[in-house]
Amino acid sequence: VSTQSTGGLKVISIPETSAYDASSFITLGQNKVLTCSSELKEALAKSTNFPQGLHVVVDQSLPTKAGLVVTPLQQPPSTSALTNATRRVGDFLSKLTLEEQGKSQSSNNVLMVSPTSFFQNYEATLDNYFMAGAVKLSRQDVQKRALREYSSLIWELQSHGVNILLFTHEARHDTPDACFPNNWFSTHSSSELDAAARTLVLYPMKVSNRRRERRPDMIDAIMTHYQRVLPLNQYELANKFLEGTGSFVLDRVNRVAYLAVSERSHADLAERWAQSLNYRLVTFRSTDSHGRSIYHTNVMMCVGSGYAIVSLDTVEDQAEKDLLVDSFRKSGHELFAISRQQVEKFCGNVIEVRGQDKKKLLVMSNAAFEAFTDQQKEGLQKYIDAFVHPDLSTIELIGGGGVRCCIGELF
């Protein structure tokens, strides 16, 4: 690590061989550096190349690598401002205690991971048929496009008042799919479960490199607000898999869990989950136009507040199809049926979140928005306050996941 003065600013350069990426921190002047990595803070603090008195502050919510604009400060921040920056994650999570008010299908608080080291996960291509085959773009071009798309998603969510706990991932993590965090965890409020304790569930992942997405720093950041932890990830040792709210599509108000059985969604493990959380489980099989199992339920289904978006075409067994329709009829959800072609445009991979003043937002990619019919969009508008639909074409094509996969709800 070396430093030099250029134009009145202190430039901090890190060699390519370093485990850290130089864009993961910014200089504030007067020997103050703001970073989103606690590991980098330690490395900088120990370096003999830095001047004495260097003050390094960690703010893990900084989206410095997400392609967002970080406005340079005209004046160095006060000591109190720097101290407050270190508390931002804790302040964000403390709101969970204050905002829990009864059962809700959607949340105003979400966890997301910027695609800062995103590329096609070749291990996942074996059963995720939504992913592209050979990728012709370079890794650098893929990341630039993904970051540009993700920045738009973050910007639109925040502009609507969604609270985002944002992390990044680096090449050293070896987690190319980390921007899809909903597969390794789920959270459940005490109101949802009619229980005394909030619950954090950790899930077993089929693809081995995706198991590394369960990073200790991320788990530590959220688990202090959850009194109960259900560690289902231990079932990886038995080759049993259940991938969070990818495998499950949850009706949280009525405690009904929908699961399309696949290699990533084992029915017997889902039964154990349902017993532990006092949910009613509805299982079925869902296939694409080639007769192959759809790998995640959330690709073909979404449950919102009073409505459900479901591809009944993908459920070929008539008894299972009738079971689905009857379940939604009993819970009072209006059913919006989508075709297999709409599933391929990620119309099922959408999610309802809460914005400012608890307004309901239906978040989807622009490809999905354009694939919904005008009649379907008009019908959905009876239940929501706004559509949010940024372009996510690179992330969908290369990663095989849409906007719902990018959002891990914090209840």
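In what follows, residues are counted from 1 in the order of the sequence shown.
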Practice task
Please state whether the rings of Y383 and Y307 are parallel, tilted or perpendicular, taking 30° and 60° as the class boundaries.
Solution key: tilted
Nearest atoms (heavy-atom pairs only) where [X] meets [Y]:
X    : Y    : result
V162 : G355 : CG2-CA, 4.2 Å
S247 : L242 : OG-C, 3.7 Å
G399 : F118 : N-CZ, 3.7 Å
S106 : R354 : OG-NE, 2.7 Å
V249 : M301 : CG2-O, 3.6 Å
I219 : R214 : CD1-O, 3.9 Å

Around [X], counting heavy atoms of other residues, nucleotides and ligands shown, do more than 12 lie under 6.0 Å from its [atom1]?
X    : atom1 : value
Q234 : CD    : yes
R285 : CZ    : no
R252 : CZ    : yes
Q140 : CD    : no
R211 : CZ    : yes

Are any of the side-chain heavy atoms of [X] and [Y] separated by less than 4.5 Å?
X    : Y    : result
L166 : Y150 : yes
V315 : L324 : yes
L111 : F167 : yes
H225 : L410 : no
D251 : S331 : yes
V113 : T168 : no

Please check if the side chain of [X] supplies one atom and the backbone of [Y] the other of a donor-acceptor pair under 3.5 Å.
X    : Y    : answer
H173 : E170 : yes
Q342 : S339 : yes
R145 : R148 : no
H169 : T175 : yes
S365 : A368 : yes
N182 : I407 : no
Q105 : V303 : yes
E409 : T187 : no
E334 : L380 : no
D317 : E320 : yes

Could you tell me whether the side chains of [X] and [Y] share a donor-acceptor contact shorter than 3.5 Å?
X    : Y    : answer
D391 : N366 : no
N108 : N163 : yes
S262 : S293 : no
Y279 : E192 : yes
R280 : S327 : yes
R272 : Y235 : yes

Side-chain ion pair, [X] and [Y], N-O less than 4.0 Å:
X    : Y    : answer
E149 : K144 : no
E243 : K206 : no
K103 : D194 : yes

Fill in the blank from the handout: Distance col, row L362:CG vs I384:CD1, nearest 0.5 angstrom, shows 4.5 Å
Handout entry: F328/Y258 aromatic ring centres below 6.0 Å
Key = yes
Handout entry: F387 six-ring face occupied by K377 cation (under 6.0 Å, within 45°)
Key = no
Practice task
Decide salt bridge (Lys or Arg N to Asp or Glu O under 4.0 Å) for R340 and D288; before the verdict, give the C-alpha distance in whole Å, the side-chain angles of both, and the deciding distance to 0.1 Å.
Solution key: CA-CA 7 Å; R340 277 195 170 109; D288 64 14; over 6 Å; no
Handout entry: side chain to side chain contact (heavy atoms under 4.5 Å, CB included) assessment of D313 paired with Q341
Key = CA-CA 10 Å; D313 289 353; Q341 290 71 32; 5.6 Å; no
Practice task
Could you go through the salt bridge (Lys or Arg N to Asp or Glu O under 4.0 Å) check for K360 and E352 one step at a time?
Solution key: CA-CA 7 Å; K360 289 175 284 189; E352 179 187 292; 5.7 Å; no
Handout entry: From CA spacing to verdict: ring pair (Phe, Tyr, Trp, His ring centres under 6.0 Å), F185, Y226
Key = CA-CA 12 Å; F185 85 99; Y226 295 92; 8.6 Å; no
Problem - From CA spacing to verdict: side chain to side chain contact (heavy atoms under 4.5 Å, CB included), C405, N298 - result: CA-CA 8 Å; C405 303; N298 72 0; 4.0 Å; yes
Exercise for the section: Could you check I309 against V350 for side chain to side chain contact (heavy atoms under 4.5 Å, CB included), going step by step and ending with a plain yes or no? Expected result: CA-CA 9 Å; I309 300 168; V350 303; 3.9 Å; yes
Exercise for the section: Show the numbers, then the answer: is there a salt bridge (Lys or Arg N to Asp or Glu O under 4.0 Å) between K359 and D357? Expected result: CA-CA 5 Å; K359 290 184 177 180; D357 299 324; 5.3 Å; no
Practice task
Give the intermediate values and the outcome of side chain to side chain contact (heavy atoms under 4.5 Å, CB included) for residues L281 and E271.
Solution key: CA-CA 7 Å; L281 180 65; E271 287 282 1; 3.8 Å; yes
